[in-house]
Student: 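Pasting in a structure now, in structure tokens, and then I'll have a few things to ask.
Chain A is the first sequence line, chain B the second, and so forth, proteins listed ahead of strands; every chain is numbered from 1.
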Amino acid sequence: MSGERSTASGDAWNTMTPAQKSLETDAYRLAYLSDAPVNWCPGLGTILANEEVTADGRSDIGNYPVFRRNMRQWTMRISLFSDRLLEDLERLDWPEPIKLMQRNWIGRSEGARVTFSSSAGAINVFTTRPDTLFGATFIVLSPEHPLVEALSTTEQHESVTTYIAQASTTTDTDRQDDSRAKTGVFTGSFAVNPVTNQPIPIWIADYVLMGYGTGAIMAVPSGDQRDFEFARQFHLPIVATQMPADAWFDAHHIAPSNDCATWPSAFVGEGTYVNSANDSLSLNGQRSISDAKSLMNPWLSDRNLGEATVTYRLRDWLFSRQRYWGEPFPIVYDEDGLAHDIPESMLPVLLPELADFSPQSLDPMDGTSDPVPPLARVTDWVTTTLDLGDGPRTYRREVNVMPQWAGSCWYELRYLDPTNTQFFVDPEVEKYWMGPSSAGHTGGVDLYVGGVEHAVLHLLYARFWHKVLHDLGHVSSEEPFHRLFNQGYIQAYAYRDDRGQTVPAEEVKEQDGSFFYADEKVHREYGKMGKSLKNIVTPDEMYDEYGADTFRLYEMAMGPLEASRPWNTRDVVGMQRFLQRLWRNVIDEDTGLLAVSQDAAPEMLLRQLHKCISGVAADMEALRFNTAISKLIELNNDLTQFVNSGHHAPVGVITPMAQMLSPLCPHLAEEIWALLGHSTSITFEPFPVADPHLLASETIEIPVQINGKVRSRIVVAVGMSRDDLLAAAMADDKVTAAIGSATPTKTIVVVGKLVNFVL
RNA sequence: GCCGGCGUGGCCCAAUUGGCAGAGGCACCAGGUUUAGGACCUGGGUGUUGUGGGUUCGAGUCCCACCGCCGGCACCA
């Protein structure tokens, strides 16, 4: 392959104007200027990426309304990576739910593009069910579809215009309310169904979205519930192409019939094909969808009427923001408006210093306002004179900035080599830390702990970015984060007033089981701690009152890392008490001096220590910090009893304790370490190793059950054989009393665990 | 509506993965002590493991159905 390609227009490259050339190359760029519908959020004063807009059409941050507007903006061609982003999920050690969320967001859908002819030219539709084409009895276009105007007949023009206007003011929330009745209007024109050659009416309706597929569908009411509802609503023909199984008819309490007039709903599933034949193609009698598709698709492509194709839900990434805080684009425009990238020697482009960098304040509800980036106000920065190779000329700087995600797409790489002035990361350094560990391994950071809320934001963007860097040869790894661990949410009570507004949770007072905010009664709910619910407890408050070690310990101890769990400030004190007990075991509070003993610890305490080491080591490995902490508290409680009975804490116990505690409460552990006389940081000390001899005990208590209920316990030697264990159990008084004269029908002996007699 | 996660003492949570329901923290109770009245010491476990079935000698754990809470997606052709 030479890499040569023809231009989109077919013109020869050297005959094209700079503007035409720029347009041509932009079609291949990963970052390109696009004039397309964007998400305009006046409440934030900026546009947003699709991923930053919630399902009900509001901003992910701040919960402001978002409006669809056409604007010229920088866009990243992430959609080009759809398949790789999807496939490589298989190779990642990530929680299944996150993978699923990314799969859903990418939304790969296999189907076919089918061409219908019409008076206004070809109409392309996307369908996942080309096998049902014989049942396509009408076409539905999105109200925003470019052919709508040309297809509207004179008689229908007025109702079409009215409908379009109405659809444009319908909010996304209303449009997605599936309990809403189907709406739509007839355009007056007809298209030809390519397999039946029959004219079918062309309608417009807002249940067809311009942003997905081609913005046009072939409606098969017998096989699609939405199309079915629409056909019933507007009395359009419904033709069955598959005969449902008898069970389907039974479930709907109707007699089997391929006359859809009696059907209560569309049929989706495998069924024998009917009514699906023309002179050169017959699906009749076929039983599987995939077989029918494999007959239909070649028939269509042989006649240039369609082809198998793949559609994605993932759209390109809207990359401009109208804010001050963000990386400026290294782009300037010449007097013709053409974009030029700033050469490496002139990088980085720095933000100008501003006294006022606040975003413009706009009415959050006014979708007609325009975004004005703060940088546009800095006229002497915007206009600049540069020599880009053809002498000093005046240029206009790009005034949009990059979104916050731009930096989080590669910070993990920069962390590897933060002082390097030649490369963003030295290739050897990247290879060492993040390179693939074996053939087929994706590479990436070994463990990444983060919240689920980044599932289709940061975690998708960073993967895309990393693949671009990989393709360009800058990194050896194919993925940024090989293993992902999702910590749970911290949850807390939140309160709303009668208008549905959240009120600051810390100012709410409880009285007789009801809750009040400034004398107004409010309603309690429960959810993720965060700004939107105004139920945040800031770490700063915790540091002030309890210190960072206590705060850290509490957060780790309150439950499994991956579980969401409620914050409870009054529980925090427990961790502080633990640290204080530990401190008093090491330090004489009256003198402030170290009070540890060089004497060997008694065997009992040593055994407890090594049991603790063994357990904590395993817990740490599995990220079970909550159980690790409980084991350390247990050991410290044992130590407390020893100290309170007139001893000093043995240094042989305190030293490994400090080492184990260092990752959990680093400040206190470091302090103890220094007091023990060490001159280097505890951070670099190894984790203690348990002594197997001190872990093994000589005897063990075994429960003895009669019919599965514990009736006695016997103490036996560790490793006692099956026969001896059974004999020991039968010799127990309580057991013989319980069995009496009966003969056990069955005896279960699990060595080292239990004995069970079934009577 | 669909998908995922979770339901264990008053509360947050453990339970060696099918084997004695209880490790740790909060709260509570009793006693002790004190310069300690939200930070001391000692002792105390308060239960139909969400509900109903099933498998098993044995179920918090596995299977089925349902209920509740949390999160995600939702006219995606």
Student: Is it true that a side-chain atom of A:Asp619 and a backbone atom of A:Phe625 form a donor plus acceptor pair closer than 3.5 Å?
Tutor: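 No: the side chain of A:Asp619 does not pair with the backbone of A:Phe625.
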Student: Can you tell me how far C1' in B:G58 sits from the matching atom in B:G19, rounded to whole Å?
Tutor: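 Rounded to whole Å, the distance is 7 Å.
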Student: Between the side chain of A:Thr137 and the main-chain N/O of A:Pro237, is any donor-acceptor distance below 3.5 Å?
Tutor: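 Checking the backbone N and O of A:Pro237 against the side chain of A:Thr137, a donor-acceptor pair under 3.5 Å is found.
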Student: Please state the P separation for the pair B:G18 and B:G25 - nearest whole angstrom.
Tutor: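 Looking at atom P only, B:G18 and B:G25 are 29 Å apart.
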Student: With no hydrogens and no angle check, is any side-chain donor or acceptor of A:Lys631 less than 3.5 Å from a backbone partner on A:Gly615?
Tutor: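 Absent.
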Student: How far, in whole Å, is B:A59 from B:U48 if one measures between their C1' atoms?
Tutor: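 One C1' to the other, the span is 15 Å.
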Student: Which nucleotide wins on minimum distance to the side chain of A:Arg226, given the candidates B:A14, B:C75, B:A39?
Tutor: B:C75
Student: Assign A:Arg313 to base, sugar-phosphate, or nothing according to its heavy-atom contacts below 4.0 angstrom with the strands shown.
Tutor: base
Student: 5'-most contact on RNA chain B: A:Lys746 or A:Gly213, nearest heavy atom basis?
Tutor: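 By nearest-heavy-atom nucleotide position, the 5'-most residue is A:Lys746.
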Student: Using a 4.0 Å heavy-atom cut-off, does A:Arg577 contact any base of the nucleic acid, only the sugar-phosphate backbone, or nothing at all?
Tutor: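 It contacts sugar-phosphate atoms only.
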Student: When the distance from CD of A:Gln580 to P of B:A36 is rounded to whole Å, what number comes out?
Tutor: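 Nearest whole value for this atom pair: 16 Å.
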Student: Once you round it to whole Å, what is the distance between P of B:C11 and CZ of A:Arg570?
Tutor: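 Taking CZ of A:Arg570 and P of B:C11, I get 11 Å after rounding.
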Student: Strictly by Watson-Crick or wobble contacts shorter than 3.5 Å, is anything paired with B:C75, and which nucleotide is it?
Tutor: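 Across any shown strand, B:C75 pairs with none.
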Student: Counting only distance, no hydrogens or angles, is the base of B:G5 paired donor-acceptor with the side chain of A:Tyr489 under 3.5 Å?
Tutor: no
Student: When the aromatic ring centroids of A:Phe485 and A:Trp94 are compared, is their separation below 6.0 Å?
Tutor: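 Here the rings of A:Trp94 and A:Phe485 have centres that are no less than 6.0 Å from each other.
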Student: Would you mind reading off the distance between A:Asn104 atom CG and B:C2 atom P, rounded to a whole angstrom?
Tutor: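 The distance from CG of A:Asn104 to P of B:C2 comes to 15 Å, rounded to the nearest Å.
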Student: Have a look at A:Tyr554 and say if it touches a base, only the backbone sugar-phosphate, or nothing, with a 4.0 Å heavy-atom cut-off.
Tutor: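 No contact at all - A:Tyr554 keeps every heavy atom at 4.0 Å or more from the nucleic acid.
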Student: Looking at A:Val220, is its backbone amide N or carbonyl O close enough to the side chain of A:Thr132 to form a donor-acceptor pair, meaning the two atoms are under 3.5 Å apart?
Tutor: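 Checked: no pair found.
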Student: Side chain of A:Met558: nearest nucleotide among B:C70, B:C12, B:C75?
Tutor: B:C12
Student: Ignoring hydrogens and geometry, is there a side-chain-to-backbone donor-acceptor pair from A:Asn39 to A:Leu48 under 3.5 Å?
Tutor: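 Here the side-chain-to-backbone pair exists.
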Student: Using Watson-Crick or G-U wobble geometry with both distances below 3.5 Å, tell me the partner of B:U48, or none.
Tutor: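 Pairing partner, where one exists within any strand: none, as none qualifies.
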Student: Residues from residues 628-645 of chain A sitting under 4.0 Å of RNA chain B, heavy atoms only?
Tutor: A:Ser630, A:Ile633, A:Glu634, A:Asn637, A:Gln641, A:Asn644
Student: Side chain of A:Arg584: nearest nucleotide among B:C41, B:C70, B:A77?
Tutor: B:C41
Student: Rounded to whole Å, please give me the gap between CD1 in A:Ile289 and C1' in B:A77.
Tutor: 14 Å
Student: For a quick check, tell me whether the side chain of A:Gln705 and the base of B:G19 share a donor-acceptor pair closer than 3.5 Å.
Tutor: yes
Student: Can you tell me how far P of B:C12 sits from CG of A:Asn626, to the nearest Å?
Tutor: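 My rounded result for the distance is 15 Å.
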Student: Using a distance-only criterion (donor-acceptor N/O pair, under 3.5 Å, no hydrogens), is the base of B:G38 paired with the side chain of A:Glu545?
Tutor: yes
Student: Between B:C11, B:A77, B:C26, spot the one nearest the side chain of A:Leu209, thanks.
Tutor: B:A77
Student: Cation-pi between A:Arg463 and A:Trp105: NZ/CZ under 6.0 Å from ring centre and within 45° of the ring axis?
Tutor: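 Checked: cation-pi criterion not met.
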Student: Given that both distances must come in under 3.5 Å, which nucleotide forms a Watson-Crick or G-U wobble pair with B:C6?
Tutor: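 Pairing partner: B:G68.
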Student: Using the P atom as the reference point in each nucleotide, state the distance between B:G4 and B:G9 in Å, no decimals.
Tutor: 26 Å
Student: Any sub-3.5 Å donor-acceptor pair from A:Asn50's side-chain atoms to A:Trp317's backbone N or O?
Tutor: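 Checked: no pair found.
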Student: Rounding to an integer number of angstrom, what distance separates B:G52 and B:U46 when you compare their C1' atoms?
Tutor: 27 Å
Student: Let me spell it out: for each of A:Arg581 and A:Thr128, pick the nucleotide of RNA chain B with the closest heavy atom. Which residue's pick is nearer the 5' end?
Tutor: A:Arg581
Student: For the P atoms, the ones on B:C41 and on B:G7, what distance do you get once it is rounded to whole angstrom?
Tutor: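 Here B:C41 and B:G7 have their P atoms 32 Å from each other.
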Student: Check the phosphate of B:C11 against A:Arg565, side-chain N and O only, distance under 4.0 Å to OP1 or OP2. Yes or no?
Tutor: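 For A:Arg565, the contact criterion (side-chain N or O under 4.0 Å from OP1 or OP2 of B:C11) is not met.
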Student: Rounded to the Å, how far apart are A:Leu100 CG and B:C3 P?
Tutor: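 Going from A:Leu100 (CG) to B:C3 (P), I get 11 Å.
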Student: Between A:Tyr163 (side chain only) and A:Thr183 (backbone N and O only), is there a donor and an acceptor less than 3.5 Å apart?
Tutor: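 Yes, because the side chain of A:Tyr163 sits within donor-acceptor range (under 3.5 Å) of the backbone of A:Thr183.
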Student: Given that both distances must come in under 3.5 Å, which nucleotide forms a Watson-Crick or G-U wobble pair with B:A23?
Tutor: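 Base partner found: none.
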Student: Whole angstroms only, please: what is the CG-P distance between A:Asn50 and B:C73?
Tutor: 13 Å
Student: Is there a Watson-Crick or G-U wobble partner for B:G18 with both distances under 3.5 Å, and which nucleotide is it?
Tutor: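 When the pairing criteria are applied, nothing turns out to pair with B:G18, so the answer is none.
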Student: Tell me the interatomic distance from A:Phe578, atom CZ, to B:C41, atom P, rounded to whole angstroms.
Tutor: 13 Å
Student: For B:C40, which nucleotide in any strand shown is its Watson-Crick or wobble partner with both distances under 3.5 Å?
Tutor: B:G32
Student: Could you tell me whether B:U33 is syn or anti, where syn means a glycosidic angle within 90 degrees of zero?
Tutor: anti
Student: If you look at every strand shown and take non-hydrogen atoms under 4.0 Å, does A:Asp227 touch a base, only sugar-phosphate, or nothing?
Tutor: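 Answer is nothing: A:Asp227 stays at 4.0 Å or more from every strand.
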Student: For nucleotides B:G47 and B:G31, find the distance between their C1' atoms and express it as a whole number of Å.
Tutor: 27 Å
Student: Can a salt bridge be assigned to the pair A:Arg103 and A:Glu90 using a cut-off of 4.0 Å between side-chain N and carboxylate O?
Tutor: yes
Student: Quote, to the nearest angstrom, the P distance that separates B:A65 from B:C70.
Tutor: 23 Å
